[in-house]
Every structure is written in structure tokens, then in C-alpha cells.
Protein chains: 2
Amino acid sequence: MPRQVDHVQRRSEISAALWQVVSESGLEGLTLRSVAATAGCTTGMVTHYFRDKKALLAHARSVMHRRMADRIDAMPLRHSDPRAHLYAVAEQALPLDEERHLEAVVWSSFLLTTRTDQELLREHSVSHASWVRRLTTLVRAALPGEPEPGNLEERVRALVVCLDGLALNAVTDPDAYPPDLQRRVLERQLDLILEGNRTL
Amino acid sequence: MPRQVDHVQRRSEISAALWQVVSESGLEGLTLRSVAATAGCTTGMVTHYFRDKKALLAHARSVMHRRMADRIDAMPLRHSDPRAHLYAVAEQALPLDEERHLEAVVWSSFLLTTRTDQELLREHSVSHASWVRRLTTLVRAALPGEPEPGNLEERVRALVVCLDGLALNAVTDPDAYPPDLQRRVLERQLDLILEGNRTL
DNA sequence: TGCGTTACACAACAAGCGTTACGTAAAGTG
DNA sequence: CACTTTACGTAACGCTTGTTGTGTAACGCA
């Protein structure tokens, strides 16, 4: 047996370099050479651990999903206050710190390419539906009374697209959407969503 | 004087081809050759009317802004019902028909590149601020009472990011966000925003 | 101490890109 | 009818990209 290297470790190092490149130059600035340069190695090493560029992108994407899911799964299952619980989970979708900002950048970059890639679209579709379902449960738990049908779905959707829009704007123009503003808007949106429970 | 051609017309034809390419292959699939092929001409003609690719992109962007602004300016200045007026204007930001869907695709594509381009960021910044200001006026007019300070801004922001998120999701996965759903969510969001007017 | 396998650097390749230069056809003007 | 200017097709250039192959150093095992 020849010299042994931790493949998982190497792959995650390269993947980290990829994230950094995307955060600095966007997906269109992502090349094997730029990744290699950022990782401090040669393209040979990159291709040694990832068959081709598609495999590299796929890994970065799966890492992204994993990180997001892990962060949410790490949350306490039940909160004393259902509204606080809802807020805590929803907040995970916002780029409120360095880590989540980086994730949001990668997320939005991949999201746009989704439009022209059927395979990515299917992945996104199920992931998005699952996210909506999770929030639906939490919103229902936080609502004061029994929601009317349809009414609930629209409230949840309003929350979901609000989160996406918030993240998108924060990624595009961070100075115009600082964490403080994001939090206030989310609080307000939760107020609005949970406030009345009647057909207007 | 030699043979004369309507430059404006030609440029708009090429620009239309560019939009089509972007809608089909995204910004990363946009090349002079693909634009020429879609327009049914050669790259020579494209470069004849646009000095370089940057000029072509800039023109397409300005056309986008122009179209969006025109559509909103074409609305009646005053509506009998201020809420209906607000809805009508807000709806213009949603990809509810073919035309607006195409615009939204181009919009989202450009939006992402904004992150790594300082010049584009400044353009976006003023445009976005102006949009927020316009909606603020309309929301204030549609609110039942006098809004509390801060409160109003958060409500408007919640609406703005909701619109962006709605558009983004509709562009990414049109089947999951059909026009009907978009309209319902927007209606609901307006309900929520205009409903209560007290600090919760 | 060799031996064989793995890890990786390096270079070459074709393909596709934006750009540029050149050639030609067409049409208004004298 | 020339003549000149514009309109545009064509092709070549240099560059960057992903991919692939070859060479070499390192290290576990015999």
C-alpha cells in the first residue's frame, strides 16, 4: 500500500476553495484553475479528486444542502414558545452571519442555473417543497386558532418568498440589507402572518 | 450618402435575440455567436451595431429597465381604491404573463452578476431605492390610519422582498409558482401589510 | 533495500470565446 | 455612370476553458 491520504479531507478542502471562488467571482468565475489557485495546489490535484467539473459542482451543491440541513436539524425540536421556534428556524434561511452569507451566495448562484438544468430543477423542487412543509407545520403550531384551509398555505408561502427575497437582496446588496434590517423584517412578517386568522 | 438602415430598429432586434438566448440558456450561455444565430445573422452584424459584448449587455439592461419603468408609468396615476392601485403597481413586478416572465428571467440573471460588479451594484442600488420609495408612498396611502415610524418601513420592506422572492421562485420553478398562486400570495401579503396598524 | 502503487505536478490539446481586420455588395450623391 | 460611404459576411487571431496523458516523487510493504 502506497502513501495514504484522507480523500474526504482533501475533497472538502477543494470544495471550500470552490465556495470561496464563487463568493468572490460568482459561478461564472469558477474555473478549475481558479479553484486550484485558491486551494494552493494544481489543477492536477483537483482533477485527481473530482473526475470533472460537473462532479466538483455536484459535490459543492451537496455540501451546501448538507450544511443547511445540519444547521436546522441542530435546532431544539421543541421550543417553549412556538413562535420563537418558528422564528429560530426561519432565521436559518437568512444570511445573518459570515457562514450563512457564504451559503446564501452559493445558494443563489446555483438557484439561477437551476432554470436551464432539468436535473437541478428536480432537486430544487423536492428540497423546496420539503422546506415549505416544514414551515407549514411550524406556522400552524404558532397560530392562535385553527387556520382556514387555503388561508394557511398562502400565509406560509408569503413567509417563504419573503425569506427568499430577503436572502436574495442581502446577497446582492449587503449594505442595503444588514442583518439588523433582515431580522426586523422577519419579525414583522411573522407578526403579520400570525396576527389575524380570519378571511379578510 | 450610402444605403441607410434604421440603427435603432436593428439594435432592438439584436437585443430581442439576446433576451431570447438568456431566457433559454441563461447568462452563461450568452455568446455573440448564439445571439447572432438566434437573430438570424452573423456575428459581424452584431459587432457592427455593438462595439463589444459589454455594450450589448448594457443595452439589454437598459431596455429591461426601460420596459419595467414604462409598464408602471403606463398605469393610471390615481385609482379609486388606493389598495387596488397598490396591488396594480406591485403586480407589475411579478412574472404573470409571457412578457413579464421574460423580463423577470433577464432581471434575475443580471441581479446575480451584480454581486461581483461594482458599477452594476450602484445602478441596482439607486433603482431599488426608488422602487422602495414608490411602494412606500402607495402603502401609506392605502393604510387605514397614520402609520407609526419604523413600522411603515418594515411593512414596505416585507412587501418588496415578498415580490422579489415570488418573482425569483416563479422564474426558477414556474410550475410550482403559477400566476394564480402568485396573485393569491400577493393579495394575502397586502391583506397582512394593510391589516393592523399597531405595534404588536 | 527495493518494488509497486498512489498522489500529484505539468504540459499539451481541442473547443469555444471575444475581438479585429479585411473583403465585398449595395445605395445615395455628384 | 462613377465614387464614396455604409452594411455586413468571413475568417483569422489570441486567450481561456475543461480534459487528458505523461512523468515523477513519495510511501507502505516485502
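Only heavy atoms go into these numbers, but all of them, side chains included; no hydrogens, no water, no symmetry mates. Note on naming: letters A, B, ... go to the chains in the order of the sequence lines (proteins, then strands), and numbering restarts at 1 for each one.
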Student: If you look at every strand shown and take non-hydrogen atoms under 4.0 Å, does L30(A) touch a base, only sugar-phosphate, or nothing?
Tutor: sugar-phosphate

Student: Please report the distance, rounded to the nearest Å, between CG in D52(A) and P in dA14(C).
Tutor: 20 Å

Student: Taking only side-chain N and O atoms of H7(A), does any of them lie within less than 4.0 angstrom of OP1 or OP2 on dT6(C)?
Tutor: no

Student: Measuring from the side chain of M45(B) (C-beta onward, heavy atoms only), which nucleotide among dG9(D), dA11(D), dC8(C) has the closest atom?
Tutor: dG9(D)

Student: For L32(A) and dT20(D), what is the distance between atoms CG and P respectively, to the nearest whole Å?
Tutor: 11 Å

Student: For Y177(A) and H128(B), test the side chains for any donor-to-acceptor distance below 3.5 angstrom and give the result as yes or no.
Tutor: yes

Student: Determine the contact category for T42(B): base if any of its heavy atoms lies under 4.0 Å from a base atom, sugar-phosphate if only primed atoms, P, OP1 or OP2 are that close, otherwise nothing.
Tutor: base

Student: In whole angstroms, how far is the C1' atom of dC17(C) from the CD atom of E28(B)?
Tutor: 14 Å

Student: Figure out the NE2/C1' separation between H48(B) and dT10(D), and round it to whole Å.
Tutor: 15 Å

Student: Please report, rounded to the nearest Å, how far the P atom of dA7(C) is from the CG atom of D6(A).
Tutor: 11 Å

Student: Send over the distance from L57(B) CG to dT19(C) P, rounded to a whole Å.
Tutor: 10 Å

Student: Identify whether the distance between the nearest side-chain nitrogen and carboxylate oxygen of R10(B) and D6(B) falls below 4.0 Å.
Tutor: no

Student: Between Q189(A) and Q189(B), does any side-chain donor sit less than 3.5 Å from a side-chain acceptor?
Tutor: yes

Student: Regarding T31(A) and S34(A), do their side chains bring together a donor and an acceptor under 3.5 Å, going by distance alone?
Tutor: yes

Student: How long is the line joining OH of Y49(B) and P of dT19(C), in whole Å?
Tutor: 19 Å

Student: Please report, rounded to the nearest Å, how far the C1' atom of dC8(D) is from the CZ atom of F50(B).
Tutor: 15 Å

Student: Picking from dC8(C), dA11(C), dA9(C), which would you name as closest to the side chain of V5(A)?
Tutor: dC8(C)

Student: With a 3.5 Å cut-off and just heavy-atom distances, do the side chain of R33(B) and the base of dG16(C) make a donor-acceptor pair?
Tutor: no

Student: Can you name the one residue among V21(A), T38(A), V46(A), T43(A) that meets side chain to side chain contact (heavy atoms under 4.5 Å, CB included) with R33(A)?
Tutor: T43(A)

Student: Among dA7(D), dT19(D), dC8(C), find the nucleotide with the atom closest to the side chain of K53(A).
Tutor: dT19(D)

Student: With a 4.0 Å limit, can you tell me whether R10(A) has a side-chain N or O closer than that to the phosphate oxygens OP1/OP2 of dC8(C)?
Tutor: yes

